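Comments concern the structure below.
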Amino acid sequence: MIYKDRTKPIKERTAHLLGLMTLEEKVGQLIQLFGWQTYEYTEGRVELDESFKRQVREGGIGSLYGTLRADPWTGVTLETGLSPRAGAEAVNAIQSYVLEHSRLGIPMLIGEECSHGHMAIGATVFPVPLLLGSTWNVDIYREMCRATALETRAQGGAVTYSPVLDVVRDPRWGRTEECFGEDPYLIGEFAAASVEGLQGDALDSESSVGATLKHFVAYGSSEGGRNAGPVHMGKRELLEVDMYPFRKAVAAGAVSIMPAYNEIDGVPCTSNTELLRDVLRGEWGFDGMIITDCGAIDMLASGHDTAADGEEAAVQAIRAGIDMEMSGEMFGRHLLQAVTSGRLEESLLDEAAARVLDLKFRLGLFEQPFADPDRAERVIGSPEHAGLARTIAAEGIVLLKNNGVLPLSRRGGTVAVIGPNADAGYNQLGDYTSPQPPSKVATVLDGIRHKFSAEPERVRYAPGCRIKDHSTEGFDFAVESAAGADTIILALGGSSARDFGEGSIDLRTGASKVTHNVLSDMDCGEGIDRMSLQLSGVQRELVKRLKSLGKPIVVVYINGRPIAEPWIDEQADAILEAWYPGQEGGHAIADILFGDVNPSGRLTVSVPKDAGQLPVHYLGKRSRGKRYLEADSQPQYPFGFGLSYTEFNYTNLRAEPAVIHADGTAEVTVEVENTGRCSGAEVVQLYISDLVSKVTRPAKQLKGFRKIRLEPGEKQVVAFTVNAEHLSYIGPAYTPVVEPGIFRIGVGRNVNDTLNIELAVLEE
């Protein structure tokens with residue numbers, strides 16, 4: 001059989017296999033079922049579901065989603081879920097049955113969620129992408145992607161539904177935490193690193209997985225910040241901003257893309273032929289697989305209402321360029337009938353099936369469809385990966401304010417650790433997280449207690465309140481605990497924790513208690529959009545009560561979107577923005593609080609003073625106005641902002657040459673010196689402004705960044721090469737142009753704090 005001969009070219013193998021397949025088998029390859037529903041796991045044994053086995057025998061299934069996933073949505077718990085070894089064995093049982101009982105023995109494509117680690121029991125939970133972006137360190141992120149790919153492939157997962165490349169425009173959106181930030185250039189750098197890390201040097205390697213870029217496109221620009229809402233965006237902005245990171249990732253070799261739920265100018269992305277065929281495949285040359293988001297085809301008939309029924313929706317989607325349907329319901333029910341009735345050409349079915357088969361060949365699944373249980377047990381959740389998670393968390397935590405109280409001393413005095421996020425492990429992990437044993441997650445309280453392990457009496461704890469609940473019954477105990485302390489560390493923020501059945505806590509003591517009336521703390525995550533950016537519940541009132549004690553207050557925010565609390569910004573002595581820092585987050589936070597790590601995270605989203613300022617992202621046009629009646633239009637903390645325990649001084653900004661042609665290059669250099677008393681890392685940021693253009697432009701655009709580490713007194717020259725790609729924009733004809741004229745080059749520590757020079761660009 002040619003298709004089984006690994007020495008033959010993949011295109012030849014694909015064409016041969018496709019020619020052997022029946023209509024039913026072709027349709028089967030386009031269907032992805034929920035993997036956790038295909039088996040039962042009891043007493044250490046995996047038993048495949050009879051309906052699944054029947055589908056395999058009757059025509060086949062192309063893919064399974066979330067076979068290894070565990071969370072409240074799937075209903076898979078720590079008790080009923082698969083260990084690293086058992087997960088690999090389950091995948092092997094599935095693949096064995098498919099190979100032995102389907103006519104052609106086409107292996108299954110196993111797809112898993114991996115946006116901040118493999119979403120399976122026992123796997124490493126890294127910080128969420130919003131923190132990953134805040135590291136401004138693409139190298140360490142690429143290393144994290146390698147670790148994630150290793151853990152996923154070790155269990156048999158071959159593709160991942162990450163990275164998320166959406167550009168955040170309204171942080172009230174609950175999926176803000178899944179994104180790298182608000183700037184397309186920065187997201188593009190992380191996008192390319194993600195593909196390089198996940199896919200490695202060889203896609204068929206035992207430590208590589210296929211990357212799926214999502215959500216294509218403009219998903220982060222929905223109306224009112226509501227999930228999957230309509231998007232009102234012109235073609236130029238779409239090309240220049242929201243599509244830019246996807247184009248970078250496609251150029252890096254991504255093998256799969258997932259269209260977004262939303263519509264753009266009235267056309268749903270799932271059925272948008274212009275986006276999927278004309279731009280993605282035609283202009284960009286993407287030759288990989290396109291898979292829908294869960295239930296997206298059904299939305300065409302029940303939500304967008306661009307299709308009268310399920311069959312019409314399925315036909316619209318495959319005509320637009322969809323190759324596989326996550327959940328599989330519409331394709332499974334209607335495609336065969338659509339072809340046999342003449343409503344759909346078989347050639348379109350062949351085209352989609354060929355892409356699925358091509359990806360399976362590229363992943364090496366025909367040669368090695370099985371996982372190695374010993375390897376899975378060894379690498380998943382390894383100490384090395386836990387250490388990497390701690391390092392990344394520390395690099396992405398942002399110091400927003402410090403009046404000198406930080407770093408804290410361990411030489412005497414007591415610390416009161418207060419707040420609903422002080423000792424709530426799930427609250428610091430973010431959405432798309434599997435269940436965790438309590439010992440796996442280091443909370444803020446754990447991290448601080450570890451620093452005082454020899455003197456535990458110096459650490460006091462009280463939760464004070466819940467995230468969303470309006471009960472103040474824990475206030476008195478929190479005040480009492482803090483009254484005898486020298487410093488108050490307040491762990492506040494939000495939660496994307498779904499109900500993992502972990503019970504509740506006693507607000508008066510902080511002790512765990514089991515109750516059937518568990519209050520959900522979830523105020524962020526997929527489908528959890530807000531009208532406000534203020535703290536939920538009575539958290540602000542708790543801060544006011546504790547402020548009355550007159551003691552130093554350090555606020556640690558643990559959250560998935562920016563928080564707008566001007567009163568706290570003013571009254572707190574120090575503020576750390578920790579986002580959702582992952583399983584090692586408590587240790588990373590404590591490392592920064594006590595000066596073992598110098599904070600180097602920088603914001604990748606602007607933090608507004610009030611939600612009424614939105615949109616407040618820094619890429620606004622020059623014409624957008626200066627102020628409101630109540631305040632100016634500037635954010636509380638601008639894009640790129642973040643403090644350090646040392647100081648950095650910028651001098652001698654130069655551009656050589658200072659005059660170039662449109663197709664030329666200039667080297668921009670700046671000297672950065674650590675003028676403080678401790679070593680630290682600085683994020684040097686390059687911004688470019690086109691001073692006069694035929695189409696209005698943003699006031700500034702990020703076009704480069706470097707994270708450097710300097711010892712006290714050390715100086716380094718940082719260089720950026722500026723070329724046509726950095727100077728171009730989507731011009732009047734919707735094509736990239738570089739217009740002659742004067743460009744302002746800014747280099748500095750954030751978008752509002754730069755040294756500036758001019759670069760003249762001449763006509764070619």
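Nothing here was measured: the structure is a model prediction, and the numbers come from that model. Each residue takes its place number in the sequence, starting with 1.
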Run the numbers on Val167 and Asp183 for side chain to side chain contact (heavy atoms under 4.5 Å, CB included), then give the verdict.
CA-CA 7 Å; Val167 180; Asp183 179 77; over 6 Å; no
Please confirm whether the backbone N or O of Ala123 pairs with a side-chain atom of His118, one donor and one acceptor, at under 3.5 Å?
no
Partners passing side-chain contact (heavy atoms from CB on, under 4.5 Å) against Pro9 (at least two apart in sequence or in another chain)
Glu12
Before you tell me yes or no, could you show the steps for Phe286 and Trp284 under ring-ring contact (aromatic ring centres under 6.0 Å, His included), namely the whole-Å CA-CA distance, both residues' side-chain angles and the distance that decides it to 0.1 Å?
CA-CA 6 Å; Phe286 176 70; Trp284 296 1; 8.8 Å; no
Minimum heavy-atom distance Glu177-Cys524, with the two atoms named:
OE1-SG, 3.5 Å
Any chance the side chains of Ser600 and Lys707 put a donor and an acceptor closer than 3.5 Å?
yes
Can you classify the ring geometry of Phe705 versus Tyr185 as parallel (below 30°), tilted (30 to 60°) or perpendicular (above 60°)?
perpendicular
Using the side-chain hydrogen bond (donor to acceptor under 3.5 Å, both in side chains) rule, take Arg175 and Tyr219 through it: C-alpha gap first, then chi angles, then the decisive distance, then the call.
CA-CA 10 Å; Arg175 303 192 76 169; Tyr219 194 40; 3.3 Å; yes
With a cut-off of 6.0 Å (strictly less than), are more than 12 heavy atoms of other residues, nucleotides or ligands near CZ of Arg57?
yes
Apply ring-ring contact (aromatic ring centres under 6.0 Å, His included) to the pair Trp73 and Phe34, showing each step before the final yes or no.
CA-CA 11 Å; Trp73 183 58; Phe34 293 143; 5.5 Å; yes
Applying side chain to side chain contact (heavy atoms under 4.5 Å, CB included), run through Ile106 and Met21 and close with a yes or a no.
CA-CA 11 Å; Ile106 302 172; Met21 295 170 69; 4.1 Å; yes
Could you state the interatomic distance from CG (Leu275) to CZ (Arg281), rounded to the nearest 0.5 Å?
12.5 Å
With a sphere of 6.0 Å drawn around NZ of Lys53, does it hold more than 12 non-hydrogen atoms of other residues, nucleotides or ligands?
yes
Does CD in Glu40 sit with more than 12 non-hydrogen atoms of other residues, nucleotides or ligands closer than 6.0 Å?
no
Answer yes or no: does atom CZ of Arg45 have more than 12 heavy-atom neighbours from other residues, nucleotides or ligands under 6.0 Å?
no
Under a 4.0 Å N-O cut-off, is there an ion pair linking Arg362 with Asp358?
yes
Can you list everything that forms a ring-ring contact (aromatic ring centres under 6.0 Å, His included) with Tyr3? Sequence neighbours excluded, please.
His16
Of all heavy-atom pairs linking Gln428 and Gln583, the shortest is NE2-O, 4.2 Å
Once side-chain contact (heavy atoms from CB on, under 4.5 Å) is applied, do any residues pair with Ser134, and if so which ones, sequence neighbours excluded?
Val398, Trp579, Thr604
What residues, two or more places apart in sequence or in another chain, satisfy salt bridge (charged side-chain N to carboxylate O under 4.0 Å, His left out) together with Asp350?
Lys26
Could you pull out the closest heavy-atom pair between Val217 and Asp242, with the gap in Å?
CG2-O, 3.5 Å
Considering all heavy atoms of both residues, which atom of Gly156 and which atom of Val91 are nearest to each other, and what is their separation?
CA-CG1, 3.9 Å
Report the residues that fulfil side-chain contact (heavy atoms from CB on, under 4.5 Å) with Gln368, sequence neighbours left out, ordered by chain and then residue number.
Phe370
Check ion pair Glu178-Arg561 (N to O, under 4.0 angstrom)
no
State yes or no: are the ring centers of Tyr39 and Phe52 separated by less than 6.0 Å?
no
Roughly how far, to the nearest 0.5 Å, is the CG atom of Leu213 from the CZ atom of Phe216?
9.0 Å
Would a distance-only check, ignoring hydrogens and angles, find a side-chain to backbone donor-acceptor pair under 3.5 Å from Ser208 to Leu203?
no
To the nearest 0.5 Å, what is the distance between NZ on Lys440 and OG1 on Thr124?
6.0 Å
Going by an N to O cut-off under 4.0 Å, is there a salt bridge joining Glu182 and Arg169?
no
Taken to the nearest 0.5 Å, the spacing of Thr270 OG1 from His215 NE2 works out to 11.0 Å
Which value, rounded to the nearest 0.5 Å, describes the distance between Arg277 atom CZ and Ile322 atom CD1?
9.5 Å
Quick one: does Gln436's side chain have a donor or acceptor within less than 3.5 Å of a partner on Ser434's backbone?
yes
Using only atom types and a distance under 3.5 Å, with no angle test, would you say the side chain of Ser222 pairs donor to acceptor with the backbone of Ala228?
no
All ring-ring contact (aromatic ring centres under 6.0 Å, His included) counterparts of Tyr261, not counting sequence neighbours
none
Hey, could you give me the CE/OG distance between Met299 and Ser271, rounded to the nearest 0.5 Å?
10.5 Å
Would a distance-only check, ignoring hydrogens and angles, find a side-chain to backbone donor-acceptor pair under 3.5 Å from Ser102 to Leu99?
no
